[in-house]
Visitor: 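The structure under discussion is supplied below as structure tokens; questions concerning it will follow.
In what follows, chains are A, B, ... by sequence order, proteins preceding strands, each numbered from 1.
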Amino acid sequence: MTTVIVEVMPKPEILDPQGKAVAGALPRLGFSSFASVRQGKRFELEVEGEVTEAVLEQARKAAAEVLSNPVIEDVVSVHVLGSQP
Amino acid sequence: MTARVGIVTFPGSLDDRDAARAVRLAGGEPVRLWHADGDLAGVDAVVLPGGFSYGDYLRAGAISRFAPMMSSIVDAANGGLPVLGICNGFQILCESHLLAGAMIKNDHLHFVCKDQTLRVENADTAWTHRFDAGQEIVVPLKNQDGQFIADERTLDELEAEGRVVFRYVGGNPNGSRRDIAGITNARGNVVGLMPHPEHAIEPGFGPGVDGLTFFASAISATLATA
């Protein structure tokens, strides 16, 4: 099994309410080093057999058309687990 | 003759029965449609009801968009079929690209449930033509992912083309851009809004009967063209 990782983040210009809530909680719990937090999504797509360029292309297409909504999110990475993002 | 208004049920729809009841009280015949079918059964209009279809997994409305029934609705809507998306239905219409923009979590992160005043900004759509432009109405609002957003250019376009249909009055309940509560497509047959007109249709239950006018508008619009 090989795993393709897709990472999706809210667009930088969009206030991320979830990240903001986490950012508010951290200092209350003593984690005071972090100025802000943004929360995104990571998808792990398992592939039986080899991850060919065609498989990666399909992952990129799924990332753009299904796993993210371009109005509010950016696909920041599509890569094979263990490889350099 | 009676206008036949389809109500689509997805896994996780909650307000489909209320929407069907609203159609009936407005004088139409509700026709229940199932998300996995592709047949619109010859209906004259369609309502996508509120709820949490597919548990709102991935994004609100994101998975429902790929239901066979949605493919039929997108085609029919592009041909002029009146379509109303309420709450989760609005989110599905945005994910389907029938309407612009998207919804994210409310800016204050809380679930909202209240009677909400709205101003009718566009009284020319299939679902609002029996209102007066500028009229204020009250219908319930209940959601968690109700913050309407779009980029500035899209917002300017919506404003310039009169496609903002409803605006929140008396305070913005969820951080929606420019107080937008509902919008329409260029043709005016597809309308989506976060508040729930189907919960304001009977005296004594909810804030009043302003919601009936949505359904009465669509019913009279379809009869006029029949």
Side-chain angles (χ1 to χ4, degrees), chain A residues 3-29 31-32 34-47 55-79 81 85, chain B residues 53-67 70-71 74 88 90-112 143-158 172-178 180 183 185 192 194:
Chain A
T3 305
V4 177
I5 304 291
V6 174
E7 289 171 340
V8 175
M9 290 297 293
K11 280 188 185 298
E13 65 270 27
I14 286 174
L15 173 78
D16 165 26
Q18 295 175 103
K20 204 175 133 203
V22 175
L26 287 178
R28 288 201 297 274
L29 299 167
F31 302 103
S32 53
F34 312 109
S36 73
V37 178
R38 297 182 73 73
Q39 180 179 326
K41 292 178 187 151
R42 168 185 160 120
F43 299 88
E44 300 188 345
L45 311 176
E46 302 243 310
V47 180
V55 170
L56 263 182
E57 191 45 44
Q58 220 179 84
R60 288 188 201 106
K61 197 162 186 287
E65 293 176 7
V66 184
L67 303 179
S68 71
N69 178 343
V71 177
I72 50 176
E73 296 167 321
D74 290 326
V75 177
V76 293
S77 175
V78 179
H79 66 275
L81 181 65
Chain B
S53 59
Y54 292 93
D56 274 357
Y57 297 140
L58 190 58
R59 299 175 303 278
I63 298 179
S64 302
R65 168 199 164 192
F66 296 101
M70 280 313 299
S71 306
V74 168
N88 194 229
F90 184 16
Q91 293 158 342
I92 295 170
L93 290 175
C94 290
E95 285 282 346
S96 305
H97 310 306
L98 282 173
L99 292 177
M103 249 68 62
I104 63 171
K105 257 182 219 327
N106 296 340
D107 57 352
H108 47 70
L109 295 164
H110 296 287
F111 191 92
V112 176
N143 64 67
Q144 172 143 318
D145 288 2
Q147 181 179 176
F148 176 77
I149 64 165
D151 59 40
E152 287 299 308
R153 214 185 82 194
T154 305
L155 292 169
D156 288 342
E157 256 175 46
L158 287 172
N172 187 327
N174 48 28
S176 290
R177 299 293 175 280
R178 305 192 193 183
I180 291 172
I183 58 172
N185 61 345
M194 283 315 292

Visitor: A:I14 and B:I149: which non-hydrogen atoms are nearest, and at how many Å?
Guide: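 Minimum heavy-atom contact is CD1-CD1, 3.3 Å.
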
Visitor: Just so I know, are the side chains of B:I104 and A:L15 near enough to count as touching, which here means a heavy-atom distance under 4.5 Å?
Guide: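 Side chain of B:I104 against side chain of A:L15, heavy atoms only: no contact under 4.5 Å found.
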
Visitor: What part of A:V8 gets within 4.5 angstrom of chain B, counting heavy atoms only: side chain, backbone, both, or neither?
Guide: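 The answer is neither part of A:V8.
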
Visitor: Considering only heavy-atom distances, could you tabulate the donor-acceptor pairs under 3.5 Å between chain B and chain A?
Guide:
from: B:L58; atom 1: O; to: A:K41; atom 2: NZ; distance (Å): 2.5
from: B:R59; atom 1: NH1; to: A:V66; atom 2: O; distance (Å): 3.0
from: B:R59; atom 1: NH1; to: A:L67; atom 2: O; distance (Å): 3.2
from: B:R59; atom 1: NH2; to: A:V66; atom 2: O; distance (Å): 3.0
from: B:R65; atom 1: NH1; to: A:E65; atom 2: O; distance (Å): 3.3
from: B:E95; atom 1: OE2; to: A:N69; atom 2: ND2; distance (Å): 3.2

Visitor: Listed by chain and number, what are the side-chain contact (heavy atoms from CB on, under 4.5 Å) partners of A:V47, not counting sequence neighbours?
Guide: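 For A:V47 the side-chain contact (heavy atoms from CB on, under 4.5 Å) partners, ignoring immediate neighbours, are A:V4, A:V51, A:V55.
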
Visitor: Please check if the number of heavy atoms outside B:F111 that lie under 6.0 Å from its CZ is greater than 12.
Guide: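 Count over threshold, so yes.
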
